[in-house]
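First up is the structure itself, then whatever we jot down about it.
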Amino acid sequence: MSLTIKDYNSTNTPTWCPGCGNFALHASLKKALVELNISPSELFMSFDIGCNGNGADKINVYGFKGLHGRSIPLAVGAHLANRRFTVIADIGDGACFHEGIDHLIHAVKANYNITILIHNNQNFALTTGQATVSTQEEKPMYGLPKGRPERSLNVSKFILSLDPSFYARGTSTDPLQLSEIIKSGIENNGCSVIEVIQICPKYNKDFSPEWAIQNIKKTDSLENYNNLSLKNATEILDNSSIYTGIIYRNNTLKSFYERVHNRKDTLTELVDEVKIQDTAHLLKYFE
Amino acid sequence: MSKKRISIKFAGASGQGINTTGLLLAKALNKEGYKIFAYREYPSLITGGTASYQLDVSNSQINSSSRYSDILLCFTAESLDKYFDNIKENGILVYDFKNYSFSQEQETVLLKKNITKIYIDSKSIATDAGGTEIMSNVVMLGFLWKILTLETDILIDVVLDFLKNKNIDLEAEKNAILAGYNSPSYRPELSKKFDLPQTDMFSQKSLIMTGNHGISLGAVAGGVRAYYAYPMTPATSIFKFLGDTSEETKILVKQAENEITAVQMAMGSMYMGTRALVGTSGGGFDLMIETISCAGISETPLVIFLSQRTGAGTGLPTWTGAGDLNTAVKGGHGDFPRCVIATSDAISGYTLIQEAFNIAETYQIPVIVLSEKQISESLFSVKSLPKESEIMRGLSEGENRYELTESGISPRWVPSKEKKPYIHNSDEHTEDGTSTEESNDTLLMAEKRMRKLSLLEEHLPEPKLYGKSTPEVLFVGWGSVKNTVLDVIEDRNDISYLHYEYVHPLKTKTLEDFIEKGTRIVLLENNQTGQFGSLITQETGYIFKERLLKYDGRPFFVEDILDFLNN
């Protein structure tokens with residue numbers, strides 16, 4: 001029996017605001033899963049706290065809604081325990097670039113074979129619109145009538161500086177392209193970072209579908225764009241236009257587990273190995 | 001008839017190989033058939049300062065240190081000054097640095113306490129024997145061996161075996177030991193100054209291991225397949241042992257970018273159905289507390305090993321203490337069930353870490369396993385390891401992951417392709433894991449979770465009583481204090497000791513029986529405020545009239561207990 005999007009639907013009604021980018025994001029994700037033939041029981045998703053996390057009980061998969069900022073290490077733990085599962089860490093820009101920015105850096109450097117799906121709506125929306133490091137500097141935000149006094153983080157350049165094995169950018173205004181990006185990200189053997197520029201109709205009104213149509217371009221539209229080229233990627237990130245698509249891939253990297261020496265010849269997963277283990281061979285160290 | 005024990009201390013600067021010298025002595029004495037207890041003091045720096053390694057030696061099980069040394073061997077003037085007052089009456093002081101002039105005061109003490117001091121030029125002896133100056137350590141070992149009137153074969157075997165893969169001139173090493181052994185500084189009357197107990201060479205040899213080794217072996221035995229940690233003394237040596245042996249055990253050993261990562265990885269791995277352990281000390285544990293609360297509400301099994309050291313903040317990073325009980329029992333926002341277990345030595349670590357995983361999985365709760373620097377890094381004689389515990393995982397399948405049950409325990413199954421997916425939720429949730437903010441849902445689920453604590457408490461054992469049931473004095477404690485009290489009890493049949501391994505939830509019946517009988521009860525803890533005493537008071541209303549508390553970074557020495565009893 002082939003999978004359909006319905007298989008991933010939970011019985012719960014979404015609680016997001018009308019027009020929220022999360023609707024499109026979830027639809028894109030489910031479409032990608034169907035097309036990759038990954039059943040709900042073959043996927044683990046960790047969720048953060050925030051509007052993305054309110055999607056945790058809206059999708060029927062093995063899931064864990066954990067703590068703010070921590071969906072990446074939670075996903076890594078799940079991945080290391082059982083690599084038969086596809087693992088996705090779902091996270092917002094607040095959690096990813098504030099509370100848990102360390103995890104993003106180390107996950108990319110370790111190159112765990114997981115996908116990090118960043119919902120970048122450029123604010124802390126669930127706590128009613130505080131500034132994040134990706135909010136425009138001069139923009140009035142919660143408690144900041146004159147905008148925040150800190151400089152912004154160029155999220156794309158920051159991620160690219162980590163030399164990820166896969167970095168793509170999609171937008172909730174183009175769910176079909178986003179679905180293709182998610183598919184590629186899941187298929188990549190390594191840490192795939194997918195940044196989704198996402199509509200927040202409540203606290204980021206500047207970013208609308210109309211604005212997106214005018215200002216967002218696709219890397220596919222560029223002649224000779226090579227996403228294996230760091231030079232190409234750097235150039236389009238310096239461009240005044242916003243580009244979506246697979247920005248950069250480094251296919252020379254091994255994934256983390258492939259580099260763990262003592263697990264190289266092991267055919268089982270950690271979840272298969274929970275049984276009494278003999279320690280007699282270790283007692284020689286204690287004579 | 002007093003337990004026969006002697007105490008030997010090496011002291012010098014950090015980086016001088018004090019620890020290795022002590023370990024070699026421990027291995028050699030173990031092979032000679034002695035029981036040993038090794039205790040380290042060292043500063044939180046790599047080179048310099050004063051470090052020491054004390055071995056207490058007996059022919060029967062011994063688990064604690066004396067405050068005093070029968071033989072003190074010093075490699076630096078600073079260490080001599082520091083430990084001078086701790087040389088026992090009739091003791092021996094060996095030192096290997098030239099031009100040290102003893103003060104008038106020191107000379108008086110030496111005379112009064114009948115301490116013999118011996119200078120030995122161990123560096124020259126080492127180089128004359130064809131070795132290098134660093135071999136002065138084994139020269140000292142050889143000299144000590146002569147004082148102990150032991151034959152050199154075992155010592156040489158141990159030293160050479162230890163160094164065999166280290167690109168060291170083993171012949172020179174052997175010659176240095178022999179040169180120390182045959183040093184003209186030796187005088188036969190030295191060997192008559194202490195009473196080294198006889199051993200039976202044919203008796204079964206012990207293993208010697210630290211508390212952290214016990215934890216590591218227990219983890220391997222109990223099916224732990226991943227270890228996640230961030231460096232922090234005194235938990236770090238677990239990372240080393242499990243890492244060094246990972247080619248044999250195939251355990252995944254992962255140094256995480258911080259403690260929050262480590263514990264989150266463990267929670268993710270446990271959700272997926274393997275067994276993962278996390279180790280840390282107080283500061284790192286504090287960082288993990290939010291995750292403990294998350295594991296509590298989401299009913300994710302989790303085991304955290306917390307090895308305590310002294311003090312708040314950075315405190316005394318390389319010294320012992322037991323002041324993290326409050327944070328282990330109470331740390332975390334909101335109400336949720338948990339279990340806190342305290343180890344006391346290598347064997348209890350081996351056993352209890354296995355129990356911890358069984359409890360964590362059966363009850364689907366976070367479990368914190370406590371140790372102390374005194375347990376984690378001290379070397380214990382272990383006759384043999386107990387048989388592995390049966391692995392109990394409490395797995396079952398059902399319709400809803402958070403089904404409301406009478407016992408409070410809901411079905412939990414290992415995620416797999418063939419089974420129904422479910423969500424773990426740190427939001428309050430309904431039976432199927434859906435987030436809820438409804439009053440009734442909240443009450444039902446919170447009460448379901450807390451029923452597990454009552455069930456666990458029913459199943460936990462009462463604390464163990466050592467000594468007779470009608471003592472003059474009953475000590476009550478947890479953790480490493482057990483080791484010191486038990487060494488004292490052997491000679492004193494008027495005292496008993498009630499030892500708690502399971503410190504939360506708390507069993508109180510045995511203790512309350514003693515309270516009712518009017519027994520003189522003394523609380524014994526390695527912290528400033530008597531944290532465990534407060535927990536007992538909270539549960540029973542009993543207020544301890546006598547408390548023996550120590551919080552200067554040092555463990556309880558045998559004399560601490562004896563002095564208390566004698567005053």
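Every chain is numbered from 1 and lettered A, B, ... according to where its sequence line falls, protein lines coming before strand lines.
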- [ ] Let me know if K420(B) has heavy atoms under 4.5 Å from chain A in its side chain, its backbone, both or neither.
- [x] backbone
Task: Side-chain heavy atoms of T274(B) within contact of E273(A), under 4.5 Å - done: no
Task: Which portion of Y271(B) sits near chain A, non-hydrogen atoms under 4.5 angstrom - done: side chain
TODO: Nearest 0.5 Å please: distance from the CD1 atom of I105(A) over to the CD atom of E257(B).
DONE: 9.0 Å
- [ ] Against chain A, label T291(B) side chain, backbone, both or neither, depending on which of its atoms sit under 4.5 Å from a heavy atom there.
- [x] both
- [ ] Please name the pair of heavy atoms, one in R225(B) and one in L270(A), separated by the smallest distance, quoted to 0.1 Å.
- [x] O-CD2, 3.5 Å
- [ ] Write down the atom of G433(B), the atom of D57(A), and the distance for their closest heavy-atom approach.
- [x] O-CB, 4.5 Å
Open item on the list: Heavy-atom cut-off 4.5 Å, strictly under: side chain, backbone, both or neither for I251(B) against chain A?
Closed with: backbone
Open item on the list: Less than 4.5 Å to any heavy atom of chain B: does that hold for the side chain of H261(A), its backbone, both, or neither?
Closed with: both
Task: Trace of the side chain to side chain donor-acceptor pair (under 3.5 Å) decision for H103(A) with T261(B) - done: CA-CA 7 Å; H103(A) 308 306; T261(B) 308; 3.0 Å; yes
Task: A266(B) portion near chain A, given a 4.5 angstrom heavy-atom threshold - done: neither
Open item on the list: Under 4.5 Å from any heavy atom of chain A, what part of N258(B) do you find: side chain, backbone, both or neither?
Closed with: side chain
Open item on the list: With a 4.5 angstrom heavy-atom cut-off, is it the side chain or the backbone of N30(B) that approaches chain A, or both, or neither?
Closed with: side chain
Open item on the list: Could you check whether any side-chain heavy atom of M272(B) comes within less than 4.5 Å of a side-chain heavy atom of Y62(A), counting everything from C-beta outward?
Closed with: no
Task: R70(A) versus chain B, the contacting section by heavy-atom distance below 4.5 Å - done: both
TODO: Going by the side-chain hydrogen bond (donor to acceptor under 3.5 Å, both in side chains) test, name the single residue among T430(B), D432(B), T434(B) that passes it with N12(A).
DONE: T434(B)
Task: F286(A) vs F380(B), ring pair (Phe, Tyr, Trp, His ring centres under 6.0 Å): CA-CA, chis, key distance, verdict - done: CA-CA 10 Å; F286(A) 305 111; F380(B) 297 84; over 10 Å; no
Task: Spacing of T249(B) atom OG1 and D278(A) atom CG [to the nearest 0.5 Å] - done: 12.0 Å
TODO: Over all heavy atoms of both residues, which pair between G66(A) and S426(B) is shortest? Give the atoms and the distance, please.
DONE: O-OG, 2.7 Å
Open item on the list: Please classify the contact between R393(B) and chain A as side chain, backbone, both or neither, with a heavy-atom cut-off of under 4.5 Å.
Closed with: side chain
Open item on the list: Is Y228(B) close to chain A through its backbone or its side chain, or both, or neither, when contacts mean heavy atoms under 4.5 Å?
Closed with: side chain
